There are 2 protein chains.
Amino acid sequence: MIDKLIQHINSKIENKLSQHDIDLLSDVFRTKKIRKHQYFIQEGDICKIAGFVVKGALKKYTIDDTGKENIFELYIENWWAGDKESFMTDTPTPYYIDAYEDTEMLVISKVDFLSKLNKLSFFSEFNRALTERQSFQLMKRLRSSQTLTAEQKLEELQNTYPEFFQRFPQHIIASYLGMTKETLSRIRSNTLRK
Amino acid sequence: MIDKLIQHINSKIENKLSQHDIDLLSDVFRTKKIRKHQYFIQEGDICKIAGFVVKGALKKYTIDDTGKENIFELYIENWWAGDKESFMTDTPTPYYIDAYEDTEMLVISKVDFLSKLNKLSFFSEFNRALTERQSFQLMKRLRSSQTLTAEQKLEELQNTYPEFFQRFPQHIIASYLGMTKETLSRIRSNTLRK
DNA sequence: AGAGAACGTTGACTTAAATCAACGTTTTAT
DNA sequence: ATAAAACGTTGATTTAAGTCAACGTTCTCT
């Protein structure tokens with residue numbers, strides 16, 4: 001199971017991992033299974049672990065005062081799930097993350113992350129690249145959120161992460177895009193008609 | 001002039017900079033002045049430099065097909081201006097950055113950034129912290145963009161960056177918040193009335 | 001196999017914010 | 001000093017998307 005993580009890290013760094021690195025990774029990551037509908041984190045938690053999705057699907061969202069879910073991230077295989085801000089700064093998370101499918105993750109504690117991984121040059125390089133990439137994606141999403149119409153947002157997501165449409169139902173995709181399920185449904189029937 | 005940069009970096013890292021570090025920084029950063037209305041970067045540029053604002057104010061924006069400016073970032077003293085994605089990945093930027101006031105910056109080339117700074121542990125620590133912080137802020141802004149009303153967005157900005165309201169006119173603030181100047185004006189007159 | 005939940009669609013109506021336009025005030029440049 | 005540009009406000013109108021509600025279909029669990 002650690003293989004998928006090794007592959008993932010290898011794909012993002014310059015030099016392949018040594019056997020020693022691999023042993024160390026096997027040591028600090030542990031398996032965590034989350035059944036459908038179960039929480040990985042809940043609002044108010046101070047996140048002590050972060051997780052790499054080996055198999056399954058999850059969603060990250062807030063719940064507003066009317067009880068509505070606002071979804072911000074969707075995770076499938078090879079994504080990192082968690083609230084990095086809560087993890088790094090020891091502050092309560094505003095998010096929930098729960099499994100939309102039965103999920104298997106490799107998780108690491110903050111203690112191990114800081115004391116064992118982050119001082120390894122391969123890992124800090126990997127982590128830097130990942131953080132940077134996430135920040136580019138966030139900037140793009142903010143831009144889309146502020147400038148695109150609902151129809152354009154849908155089209156962009158279909159180009160960027162087509163796999164989401166295979167894994168999540170429409171009402172979840174709609175919330176991720178910041179629109180209602182009704183709006184998404186209408187856009188789809190309009191664009192099909194063309 | 002380099003003093004402001006030194007102070008800024010010192011405030012974000014564990015151990016203070018040594019004289020040697022300071023000399024090195026003085027060496028790789030050069031001064032750049034930008035007069036009001038002049039560009040720092042333009043759409044299509046591959047950004048070869050990034051800059052620290054010593055004095056002045058700038059805005060980062062795209063221009064849509066109708067010619068409208070959509071503002072995404074505002075920079076004043078002690079902010080880093082540039083398109084990091086273009087800078088790091090050598091891709092054309094979609095943004096313009098221009099000076100809203102006469103501005104003085106300390107700029108660094110990508111070559112020096114990679115070959116001289118990033119291998120210094122104090123700088124990579126600083127850079128990591130900065131990138132991480134920006135990514136947290138972006139997540140928060142995306143969340144606000146998707147879940148808050150215009151009135152709530154204004155209130156949040158007044159709490160987060162009250163200094164922007166002293167430095168930029170309302171129509172620029174409005175665009176930064178993803179609303180029109182008319183909407184911002186109406187919100188203000190409504191909330192004053194209360 | 002059957003009940004209930006989850007999901008997607010459609011229609012009628014509402015609403016927050018955008019657009020369009022006009023106008024007064026302030027700032028800027030020469 | 002003065003003309004032009006930049007800025008902010010207000011009113012009338014439009015519009016994209018949200019809300020509310022009903023209904024049919026498809027999963028899912030036991």
Side-chain angles (χ1 to χ4, degrees), chain A residues 35-38 56-59 61 64-71 74 98-103 144-158 164-194, chain B residues 35-38 56-59 61 64-71 74 98-103 144-158 164-194:
Chain A
R35 310 259 325 264
K36 184 166 182 167
H37 296 136
Q38 283 188 326
L58 309 94
K59 59 188 162 70
Y61 55 97
D64 68 20
D65 17 285
T66 73
K68 205 187 83 187
E69 284 187 10
N70 287 300
I71 297 175
L74 298 174
D98 66 25
Y100 184 70
E101 297 174 4
D102 288 351
T103 295
S144 304
S145 171
Q146 291 202 347
T147 62
L148 300 186
T149 63
E151 185 173 345
Q152 291 168 325
K153 286 175 193 175
L154 174 61
E155 197 191 336
E156 183 180 82
L157 186 62
Q158 284 168 335
F164 285 174
F165 294 83
Q166 263 68 64
R167 300 294 286 277
F168 298 99
Q170 273 190 47
H171 68 275
I172 286 183
I173 301 273
S175 177
Y176 176 83
L177 288 172
M179 64 185 74
T180 61
K181 62 186 197 310
E182 292 91 340
T183 294
L184 180 53
S185 175
R186 281 186 251 265
I187 288 170
R188 290 191 67 238
S189 71
N190 281 343
T191 48
L192 282 179
R193 208 163 297 148
K194 286 176 190 169
Chain B
R35 310 260 324 265
K36 184 166 182 168
H37 297 136
Q38 284 188 325
L58 309 93
K59 58 188 161 71
Y61 56 96
D64 69 19
D65 16 285
T66 73
K68 204 187 82 185
E69 284 186 10
N70 286 301
I71 297 175
L74 298 174
D98 65 26
Y100 184 70
E101 298 173 5
D102 290 350
T103 295
S144 304
S145 172
Q146 292 202 348
T147 62
L148 300 185
T149 63
E151 185 173 346
Q152 290 168 326
K153 287 176 193 174
L154 174 62
E155 196 190 337
E156 184 181 81
L157 186 63
Q158 284 168 335
F164 285 173
F165 293 83
Q166 263 68 64
R167 299 295 284 277
F168 298 100
Q170 272 190 47
H171 69 275
I172 287 183
I173 302 274
S175 177
Y176 175 82
L177 288 172
M179 63 185 73
T180 61
K181 62 187 197 307
E182 292 92 341
T183 294
L184 180 52
S185 174
R186 280 186 251 266
I187 289 170
R188 291 192 66 236
S189 71
N190 281 344
T191 48
L192 281 178
R193 208 163 296 150
K194 285 175 192 169

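Residue numbers begin at 1 in each chain, while the letters A, B, ... track the order of the sequences. Only this structure's heavy atoms are used, side chains among them; waters, hydrogens and symmetry mates stay out. The structure presented is a predicted model; accordingly, all values stated were derived computationally and were not measured.
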Enquirer: Measure the distance from CG on A:Leu184 to C1' on C:dT10 and round it to the nearest whole Å.
Expert: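 Computing the A:Leu184:CG to C:dT10:C1' distance gives 14 Å.
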Enquirer: I want to check something: taking the side chain as every heavy atom from C-beta on, are B:Met179 and B:Ile187 in contact at a cut-off of under 4.5 Å?
Expert: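 Side-chain contact under 4.5 Å: yes.
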Enquirer: If you compare every side-chain N and O of B:Gln170 against the phosphate oxygens of D:dT9 (OP1, OP2), does one of them come in below 4.0 Å?
Expert: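 Answer yes for this pair, as a side-chain N or O of B:Gln170 is under 4.0 Å from OP1 or OP2.
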Enquirer: I want to verify a distance call: between D:dT10, D:dG18, C:dT10, whose nearest atom is closest to the A:Glu182 side chain?
Expert: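 That would be C:dT10.
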Enquirer: Ignoring hydrogens and angles, tell me if any N or O in the side chain of B:Asp98 forms a donor-acceptor pair with the backbone of B:Gln38 under 3.5 Å.
Expert: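 Looks like no, no N/O pair under 3.5 Å.
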Enquirer: So which one's nearest nucleotide on DNA chain D is more toward 5', A:Ala150 or B:Pro169?
Expert: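 Closest to the 5' end, via its nearest nucleotide, is B:Pro169.
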Enquirer: For B:Phe168, answer base if it contacts any base atom (sugar-phosphate contacts may also be present), sugar-phosphate if it contacts only those atoms, and nothing otherwise; contact means non-hydrogen atoms under 4.0 Å.
Expert: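 No contact.
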Enquirer: Between D:dC7, C:dT9, D:dA17, which nucleotide gets closest to the side-chain atoms of A:Thr149?
Expert: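 Of the options given, the side chain of A:Thr149 lies nearest D:dA17.
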Enquirer: Please state whether the base of D:dG11 and the side chain of B:Arg186 form at least one donor-acceptor pair under 3.5 Å?
Expert: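 Flag set: donor-acceptor pair detected.
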Enquirer: Using side-chain heavy atoms (C-beta onward) and a distance below 4.5 Å, is A:Lys59 in contact with A:Ile172?
Expert: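 In contact.
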Enquirer: Quick one: B:Lys181 NZ to C:dT26 C1', roughly how many Å, whole number?
Expert: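 In whole Å, C:dT26 C1' lies 16 Å from B:Lys181 NZ.
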Enquirer: Regarding C:dT10, can its base be found pairing with the side chain of A:Arg188 as donor and acceptor, where the two atoms are less than 3.5 Å apart?
Expert: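 Under the 3.5 Å cut-off, the side chain and the base do not form any donor-acceptor pair.
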Enquirer: What is the distance from NE2 of A:His37 to C1' of C:dA5, rounded to the nearest Å?
Expert: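 That distance rounds to 10 Å.
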Enquirer: Does the A:Asp102 side chain pair with the main chain of A:Arg35, one donor and one acceptor, at a distance under 3.5 Å?
Expert: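 Side chain of A:Asp102 to backbone of A:Arg35, a donor-acceptor pair under 3.5 Å: no, none is there.
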Enquirer: Expressed in angstrom and rounded to an integer, what is the separation of B:His171 atom NE2 from C:dC20 atom P?
Expert: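 Atom NE2 in B:His171 sits about 18 Å away from atom P in C:dC20.
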Enquirer: Rounded to whole Å, how long is the line connecting atom CD of B:Gln152 with atom P of C:dA17?
Expert: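 Checked: the CD to P distance equals 9 Å.
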Enquirer: Nearest whole angstrom, please: distance from the P of C:dA6 to the CG of A:Asp98.
Expert: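 One finds 12 Å between P of C:dA6 and CG of A:Asp98, rounded.
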Enquirer: What I'd like to find out is whether the side chain of A:Leu157 reaches to under 4.5 Å of the side chain of A:Tyr176, using heavy atoms alone.
Expert: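 Result yes, sub-4.5 Å side-chain heavy-atom pair found.
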Enquirer: Between A:Asn190 (CG) and C:dG8 (P), how many Å, whole number?
Expert: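 Checked: the CG to P distance equals 17 Å.
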Enquirer: Would you say a side-chain N or O of A:Ser185 is under 4.0 Å from OP1 or OP2 of C:dT9?
Expert: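 Checking C:dT9 against A:Ser185, a side-chain N or O does come within under 4.0 Å of OP1 or OP2.
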Enquirer: Identify, between B:Lys36 and B:Thr180, the residue whose nearest nucleotide on DNA chain C lies closer to the 5' end.
Expert: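 Result: B:Thr180.
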Enquirer: Can you check the A:Leu177 CG to D:dG18 C1' distance for me, whole Å?
Expert: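 Result: 15 Å.
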Enquirer: Any idea which of C:dG8, D:dA21, C:dC7 is nearest the A:Tyr100 side chain?
Expert: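 Per side-chain heavy atoms of A:Tyr100, the pick is C:dC7.
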Enquirer: OP1, OP2 of C:dT9 versus side-chain N and O of A:Ser189: anything below 4.0 Å?
Expert: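 No, no such contact exists.
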